[in-house]
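Just so we're on the same page: letters track the sequence lines, and every chain starts at 1. The figures that follow rest on heavy atoms only: side chains count, while hydrogens, waters and symmetry mates do not. None of these values were measured; they are calculated from a predicted model.
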Number of protein chains: 2
Amino acid sequence: MFEAKLIQASLLKKILEPIKDLVESANFDCSPSGISLQAMDSAHVTLINLLLRTDGFETYNCERSLSLGLSINALSKALKCAGNDDTLTMKARDEPDTLSLYFESPKNDRVCDFEIKLLDLGNDQYTIRDTEYAAVIKMPSSELQRICRDLSTLGEVVTICANKEGVKFSTSGDVGSFNITVRPTTDSSAKSEDSITIESKEPITLNFSLKFLTHFTKATPLSPTVKIKMTDSAPVVVEYNIEDLGYLSFFLAPKLE
Amino acid sequence: MFEAKLIQASLLKKILEPIKDLVESANFDCSPSGISLQAMDSAHVTLINLLLRTDGFETYNCERSLSLGLSINALSKALKCAGNDDTLTMKARDEPDTLSLYFESPKNDRVCDFEIKLLDLGNDQYTIRDTEYAAVIKMPSSELQRICRDLSTLGEVVTICANKEGVKFSTSGDVGSFNITVRPTTDSSAKSEDSITIESKEPITLNFSLKFLTHFTKATPLSPTVKIKMTDSAPVVVEYNIEDLGYLSFFLAPKLE
DNA sequence: GTCTTCGCGC
DNA sequence: GCGCGAAGAC
């Protein structure tokens, strides 16, 4: 028996938004310590890593681990039916073939219940190692989103070049070339949310598909800040913290020169 | 070497907005006295005339005149990436094949630099003579915009009929006909921005394409007022003053009856 | 291509 | 807080 209640159904909406563009279906692995999801997009270019710890749930019950294979699209459709302030309760039996979702409006005057059929997806496991990074950049998530949007108007590949002094995002296309440079915040009075910090072990330059990076930034509503972690010849990690719950992070392999 | 700095990148945005619907590319002629642009739309119906004097620039350096052939669309895309309060610096070498644009945020924590390839556009010159006009109408630019928008819902051609007493904008279409008449402001306490004045040498009536006139009114954000200058059998001049810098004006040949 | 939605600017 | 413009969905 699995049962978990979120105060904000809309939070799961925000989580699914960036995921649904990348994968059609995925296993939600529910365990006593929380819910996690690892999935690669169909082209095996990006890896999604989601963790929701039990702490952030209103109630959470899961005695035995179970894996819920879900169509992201179906789940997303279901969540569209939730009011913006509705709570969400998820329930599944021990050998489930469906997941039940309950939306309740704050005043309790409206209750929706959804039954979604589970898919048998097999059990791909991805090992994710948290290595040392040559650079870890923290910046306002909206700023990364803006940068990706701006660069996309001109090019398809972004070169990210980071050192202690700043981060340069570059692209080029038919009409010319374009660089955006951001510098670490020096104004110590700035709120942590608005500030840019760079932990740089060594200068690093990597190329990435702008399309995917732009997809990732659909997670912007989840967090005011985003972390970009880069190491030479390794996938970049774009990480959005989910308050009280955990994180949603994306891995994207660099493009070769 | 050409270098010019504008405090408000958004000003160039506003200048390009009405231009980009009319022409794909144009020469920006930079000289020691300022920047000018003359261009006709592809159908050779309208002529655009832009002048930016050096006074309005924060800094301006141009020893030798040069002509920068630019895709208006590319330039417009570049400017979309500028924050609303960013400053804009334009730079070109003496025999340039690119124009460099630099956007800097007020706090200097974000710098964009753009290189736009120049186009070889040839050197069409248009002579513009400032004649005597039968009527010169000054009115709030937003009012002209509103009039064009309203008339467009009904017809495709506007008849402008001006004399000392007022200006009548008329159109007719399938569902009927529509006149809007404005009269000179008599209230001397009215601000100059809000007032309507008519200098009328002789009554005049001309017909114009509403589509083009409506395009011109996209320059409304540039100036609180607009001047309409008309003479029999000659193009109307629709002129927007750009504070401290110069003007953007449009010429449109009248339609025959 | 049209319509709706969301984000940004006024 | 309202209106406008751009982006995404059908």
Taking [atom1] from [X] and [atom2] from [N], how many angstroms apart are they, rounded to a whole number?
X	N	atom1	atom2	result
L151(A)	dA7(D)	CG	P	14 Å
E17(B)	dA6(D)	CD	C1'	12 Å
N73(A)	dG8(D)	CG	P	17 Å
K218(A)	dA7(D)	NZ	P	13 Å

Item checked: Name of the residue among F208(B), F216(B), F212(B) meeting ring pair (Phe, Tyr, Trp, His ring centres under 6.0 Å) with F250(B) ->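 Only one of F208(B), F216(B), F212(B) forms a ring pair (Phe, Tyr, Trp, His ring centres under 6.0 Å) with F250(B), namely F216(B).
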Which protein N or O atoms sit under 3.5 Å from an N or O of nucleotides 4-10 of chain C?
from: dG9(C); atom 1: O3'; to: N84(B); atom 2: ND2; distance (Å): 3.3
from: dC10(C); atom 1: OP1; to: N84(B); atom 2: ND2; distance (Å): 3.4
from: dC10(C); atom 1: OP2; to: N84(B); atom 2: ND2; distance (Å): 3.1

Item checked: Salt-bridge criterion met for E239(B) and K229(B) (N-O under 4.0 Å) ->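 Yes, charged N to carboxylate O under 4.0 Å.
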Next item on the list: Flag the pair R183(A) and E165(A) as a salt bridge only when some basic side-chain nitrogen lies within less than 4.0 angstrom of an acidic carboxylate oxygen.
Entry: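 Salt bridge flag = no for E165(A) with R183(A).
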Less than 3.5 Å apart, which donor and acceptor atoms pair up between the side chains of residues 240-248 of chain B and the rest of the protein, not counting sequence neighbours?
none

Notebook entry, point to check: Taking only residues two or more places apart in sequence, or in another chain, which ones meet F169(A) in a ring-ring contact (aromatic ring centres under 6.0 Å, His included)?
Noted result: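 F169(A) satisfies ring-ring contact (aromatic ring centres under 6.0 Å, His included) with no other residue.
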Next item on the list: Can you see which heavy atom on D85(B) is nearest to which on Q8(B), and at what distance?
Entry: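 The pair with the smallest heavy-atom distance is CA-OE1, 4.4 Å.
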